[in-house]
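Read the structure below first, then the notes.
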There are 2 protein chains.
Amino acid sequence: MILKSQVEWALHCCAILAGLPKGRYLSTKALAEFHGVPKEYLSKALQSLSQAGLVHTTLGPSGGYRLARTPDELTFLDIVEAVEGKARTFVCNNIRANNPCRPQGYCESAPCAVARVMWEADEAWREKLRSVQLSDLIDTLAKEVPAELWKKSFEWVLERAG
Amino acid sequence: MILKSQVEWALHCCAILAGLPKGRYLSTKALAEFHGVPKEYLSKALQSLSQAGLVHTTLGPSGGYRLARTPDELTFLDIVEAVEGKARTFVCNNIRANNPCRPQGYCESAPCAVARVMWEADEAWREKLRSVQLSDLIDTLAKEVPAELWKKSFEWVLERAG
DNA sequence: GCAAATAGGGATATCGTTTATCCGTAATAG
DNA sequence: CTATTACGGATAAACGATATCCCTATTTGC
Ligand code: SF4
Ligand code: SF4
């Protein structure tokens, strides 16, 4: 069980978009080139962000993406769920219904204990992701990324932002 | 991203094995029939439990599986990791290495902030699973499963336990 | 108005994992 | 000795993730 690589891409793209000056847009082409990933496929991830309402888009030359909210209103969970979906990672196939001892027509009132524990764990995962904002990531990166590289990357992006 | 159905099977099998009298064994065949899942494939899940040291096995007629520890020494995490593996669900493809602004020969000292947050969430998921013991599950099931069905299932298992 | 660039979406192909089955081997109870 | 079992390897089918291609509508700059 492994998350899509698109999740990593989407998170990185949002981090870049967070540094974009108000009103500017950055294209799929630029984002793909910056991260060294296939443009067409990255496009699908960005479309997921768009459908989830996390980013705004414009068409035409100088078009592209920008964040739809401020970085402190965007959580990791927003981004992860936009790409990976909101479905729980544990699906119950209700195998208890196959118990040969079961009376005919017996009907489960509620999801069983196994499923509930697995879903609580899933929720713990989501809760952790919900607790980290995009702005937290930016703060950390600003501290950890060497100043020189940070500045050059910023300029690289600005040159291509429409 | 979805967990293998084998995870559900393994959890249910362990719950059944927990009710087995000391020294008795239950075969793959019985477990597969009880849960209504393919015997050959369930066998793979049980082998995973065996390799992880969570269950003991014996060969021959009246052979099968029993728990290697008491139910309060077995956590959900033990069982889930035996089947699903211990690998983290977020893999870092190090796409920051593709940043065109990066100086030649630049070397990352540590995993980046994105990966760390995702790994913390992964750990929160595992911590939750670690906090629930198999004995907790049995307690809950004993309360929720109708007494009649519980008793009949127990007898069904005993008839087939070697 | 026109040409270039863009997001969006559908169709399709490739690849790897999950799911499932089959068979041969070694061990064990009766 | 026979029947039954766990175990492991080989293999196939089904499915989802990855990746590419192409067409459309829209917008910008000229
Ligand atoms: S016991 Fe729970 S997880 Fe298992 S089949 Fe029933 S509802 Fe699903
Ligand atoms: S920023 Fe983090 S998650 Fe992204 S490629 Fe680098 S190490 Fe991996």
Side-chain angles (χ1 to χ4, degrees), chain A residues 1-10 13 17 23-33 35-66 68 80 82-85 87 89-91 93 95 160-162, chain B residues 1-10 13 17 23-33 35-66 68 80 82-85 87 89-91 93 95 160-162:
Chain A
M1 188 199 54
I2 243 162
L3 289 166
K4 308 191 210 192
S5 54
Q6 283 191 340
V7 169
E8 182 183 0
W9 301 357
C13 285
L17 293 181
R24 314 272 302 265
Y25 291 81
L26 195 60
S27 70
T28 305
K29 188 175 166 226
L31 285 166
E33 189 184 343
H35 293 120
V37 300
K39 176 167 91 77
E40 313 283 352
Y41 192 35
L42 172 63
S43 172
K44 303 293 182 186
L46 296 173
Q47 283 173 38
S48 297
L49 295 179
S50 175
Q51 284 170 359
L54 308 185
V55 296
H56 277 163
T57 68
T58 34
L59 293 179
S62 83
Y65 297 87
R66 68 171 172 82
V80 170
V83 172
E84 190 68 39
T89 59
F90 178 85
V91 300
N93 297 110
I95 65 174
R160 288 158 181 84
Chain B
M1 189 197 55
I2 239 159
L3 288 167
K4 307 193 211 191
S5 53
Q6 283 191 342
V7 169
E8 182 184 1
W9 302 356
C13 286
L17 293 180
R24 314 273 301 267
Y25 291 82
L26 195 60
S27 70
T28 305
K29 189 175 165 227
L31 286 167
E33 191 184 341
H35 293 119
V37 300
K39 178 168 90 79
E40 313 283 353
Y41 192 35
L42 173 63
S43 172
K44 302 294 182 186
L46 296 173
Q47 284 174 39
S48 297
L49 295 179
S50 174
Q51 284 171 0
L54 307 186
V55 297
H56 276 165
T57 68
T58 33
L59 292 179
S62 85
Y65 296 87
R66 68 171 173 83
V80 170
V83 171
E84 190 68 39
T89 58
F90 178 85
V91 299
N93 297 109
I95 65 174
R160 288 158 181 84

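To find a chain, count down the sequence lines: A is the first, B the second, and so on, and within it residues start at 1. Predicted model, so just to flag it, every value in this text is computed and none were measured.
When the P atom of C:dG8 is taken as reference, atom CG of A:Leu31 falls 12 Å away, rounded to whole Å. Atom CG of A:Leu42 and atom P of D:dA17 are 17 Å apart (whole Å). Rounded to a whole Å, the OH atom of A:Tyr25 is 13 Å from the C1' atom of D:dT28. Rounded to a whole Å, the CD atom of A:Glu8 is 15 Å from the C1' atom of D:dA17. As a whole-Å value, the separation of B:Tyr41 OH from C:dT17 P is 13 Å. The distance from atom CG of A:Leu46 to atom P of C:dG8 is 8 Å, rounded to the nearest whole Å. Distance CZ (B:Arg160) to P (D:dT5): 12 Å, rounded to an integer number of Å. Remark: P of C:dT21 and NZ of B:Lys39 are 11 Å apart, rounded to the nearest angstrom.
Closest to the side chain of B:Gln51, from the set D:dG8, C:dG9, D:dA6, is D:dG8. With C:dC23, D:dA3, C:dG8 as the candidates, the nucleotide lying closest to the side chain of A:Ser50 is C:dG8. Across D:dA19, C:dG8, C:dA29, the shortest atom-to-atom separation from the side chain of A:Trp9 is found for D:dA19. The side chain of A:Leu59 lies closest to C:dA7 when the candidates are C:dA7, D:dT5, C:dG8. Taking only side-chain atoms of A:Thr57, from C-beta outward, the nucleotide of C:dG8, D:dA6, C:dA5 with the closest atom is C:dG8. Of the candidates C:dT28, D:dC7, D:dT20, the closest approach to any side-chain atom of B:Tyr65 belongs to D:dC7. Here C:dT18 is the nucleotide among C:dT18, D:dC7, D:dA17 with the atom lying nearest to any side-chain atom of B:Lys4. Closest to the side chain of B:Glu84, out of C:dT18, D:dT27, C:dC22, is C:dT18.
Heavy-atom nearest nucleotides on DNA chain C were determined for A:Lys29 and for A:Met1, and the one closer to the 5' end corresponds to A:Lys29. Comparing B:Gly64 and A:Pro38 along DNA chain D, the residue whose closest nucleotide (by nearest heavy atom) sits nearer the 5' end is B:Gly64.
Note: A:Phe90 CZ to A:Met1 CE = 12.0 Å, rounded to the nearest 0.5 Å. Residue A:Leu42 holds its CG atom at 10.0 Å from CD of A:Glu40, rounded to the nearest 0.5 Å. Note: B:Gln6 CD to B:Ser43 OG = 9.5 Å, rounded to the nearest 0.5 Å. A:Leu31 CG to A:Leu17 CG: the interatomic distance, rounded to the nearest 0.5 Å, is 5.5 Å. One distance of note links CD1 of A:Ile95 with CH2 of B:Trp9; it measures 8.0 Å at 0.5 Å rounding.
Regarding contacts with the backbone of C:dG9, a side-chain N or O of A:Gln47 is found under 4.0 angstrom from either OP1 or OP2. One finds no side-chain N or O of A:Thr58 lying less than 4.0 angstrom from the OP1 or OP2 phosphate oxygen of C:dT6. Residue A:Thr28 places at least one side-chain N or O closer than 4.0 Å to OP1 or OP2 of C:dA7.
A donor-acceptor pair is defined here as one N or O able to donate and one able to accept, closer than 3.5 Å; no such pair exists between the side chain of A:Glu84 and the backbone of A:Val7.
One cannot find a donor-acceptor pair under 3.5 Å joining the base of C:dG8 and the side-chain atoms of A:Lys44.
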